[in-house]
Amino acid sequence: MTVAAKLVVGNWKMNTSVYQAEELCLAIRERTKEVDKSKVTIVICPPFISILLVKDILKESGISIGSQNTFIDTSGAFTGEVSASMLSDICDFVIIGHSERRRIFLETDDLINKKMQAAFNVGLKPILCVGETLQERDSHSSESVIQRQLETALDGIADISSVIVAYEPIWAIGTGKPATPQIINDVVSSIIRPVLNDNSNKAISEKNPILYGGSVTPENVGDFLNGCDIQGVLVGGASINPIQFSHIVQLTAE
Ligand code: PGA
């Protein structure tokens, strides 16, 4: 599939029963039916148990499906895990390295690199999340932290053309306090784009979409889309509200 010039990714996290997932994606489908999907790629990332149902409901809608996580091996005795090859039958995208996975499930940069390889091997497009804590920002180590997260995640990936990077400062996630356009632009221009350039030739790395995530709402999305050198947003809380999420999609497509 081709990724449009703009992207909106909805990360439902551990929310919605199967029945609620059905209702939510029906509402999103209805509210975004007039949106020109050649202008904005919409990706919905439901919990694993609802992926198939959501995919079926959205099959004619032009909305894509992503997974919130993947495991590193293909199959075998890994109770409770889901592999990238299993996901590749039903998803186009996979979120990798979300700060909640890093913090709560102790995912390391090396594990995230293995997940990137696993996604790459089966043709899933990774949405790689990077971002610093407030402490790291206050101690002026944001640059080195994000650089390390990116460089390790991309290590050994021969072709980074399918990689989407989401800058998600941890202090902005779920707090109602998003990063300023200036912070986002600084991180994109001084860290993310240069590391992508170092890992590929410029003609490819200039095209890798970079998203912003962290307390994105319909009220503030315009500030990021108009004021930042980004290609879209990764939405958490507002993605499980069909009115808010669809509004964000519409504003992004304008
Ligand atoms: P939020 O979450 O929009 O609720 O801040 C973003 C994310 O975790 O991806």
Side-chain angles (χ1 to χ4, degrees), residues 6-16 20-21 24 28 40-48 50-51 54 63-70 91 93-107 112 115-116 119 124-134 136-137 142 145-146 149-150 153 163-181 183-184 187-188 192 209-225 227-228 230-252:
K6 292 273 156 57
L7 272 121
V8 176
V9 181
N11 173 12
W12 291 2
K13 307 193 181 185
M14 197 178 73
N15 293 298
T16 68
Q20 291 166 333
L24 177 55
I28 291 171
V40 55
T41 293
I42 308 167
V43 184
I44 286 183
C45 304
F48 282 134
S50 298
I51 289 181
V54 169
I63 300 177
S64 302
I65 311 292
S67 159
Q68 298 176 18
N69 186 23
T70 182
C91 296
F93 297 86
V94 57
I95 297 174
I96 294 180
H98 191 281
S99 61
E100 286 150 18
R101 303 275 342 154
R102 294 178 191 260
R103 181 171 49 86
I104 304 168
F105 302 98
L106 309 180
E107 291 196 3
I112 288 159
K115 293 189 173 196
M116 292 290 289
L124 275 175
K125 296 183 198 333
I127 301 165
L128 170 65
C129 300
V130 295
E132 78 285 1
T133 63
L134 192 56
E136 288 160 346
R137 170 148 293 275
S142 309
V145 168
I146 299 168
Q149 290 174 337
L150 264 177
V163 176
I164 297 156
V165 178
Y167 171 50
E168 295 214 309
I170 295 166
W171 45 271
I173 295 178
T175 59
K177 293 187 184 132
T180 60
I183 291 178
I184 299 168
V187 168
V188 170
I192 301 179
I210 299 178
L211 313 181
Y212 166 71
S215 299
V216 174
T217 63
E219 289 72 37
N220 63 25
V221 68
D223 299 343
F224 309 125
L225 296 169
C228 303
I230 55 162
Q231 286 66 52
V233 285
L234 175 46
V235 187
S239 74
I240 53 172
N241 177 321
I243 300 173
Q244 289 191 6
F245 185 68
S246 307
H247 200 179
I248 290 171
V249 169
Q250 283 152 6
L251 291 166
T252 308

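Atoms within each ligand, like the ligands themselves, are counted from 1 in listed order. Along the sequence shown, residues carry numbers from 1.
A donor-acceptor pair under 3.5 Å is formed between the side chain of Tyr212 and the backbone N or O of Ala179. Gln149 contributes a side-chain N or O that, together with a main-chain N or O of Gly131, makes up a donor-acceptor pair within less than 3.5 Å. Under the 3.5 Å distance criterion, the side-chain polar atoms of Glu132 are left unmatched by any main-chain donor or acceptor of Pro169. A donor-acceptor contact shorter than 3.5 Å links the side chain of Ser215 to the backbone of Ala172.
Residue, atom and distance of the protein heavy atom nearest to atom 3 (O) of ligand 1 are Gly236 N, 2.9 Å. Distance from atom 4 (O) of ligand 1 to its nearest protein heavy atom, with residue and atom name: Gly237 N, 2.8 Å.
Between Gly214 and ligand 1, a contact under 3.5 Å exists for no N or O pair. The N/O atoms of Glu168, backbone and side chain alike, include one that comes under 3.5 Å of an N/O atom in ligand 1.
With Phe245 as reference, Ile42 is the one residue of Val216, Ile42, Ile240 to meet the side chain to side chain contact (heavy atoms under 4.5 Å, CB included) rule.
Residue Lys13 has at least one heavy-atom neighbour below 4.0 Å for each of these atoms of ligand 1: 2 (O), 7 (C), 8 (O). Close approach to Leu234 involves these atoms of ligand 1, each under 4.0 Å from a residue heavy atom: 9 (O). Every atom of ligand 1 is numbered from 1 in the order shown, and the set under 4.0 Å from a heavy atom of His98 is 7 (C), 8 (O), 9 (O).
Of all heavy-atom pairs between Val43 and Gly66, the closest is CG1-N, 3.8 Å.
Heavy atoms of Gly174 approach ligand 1 to within less than 4.0 angstrom.
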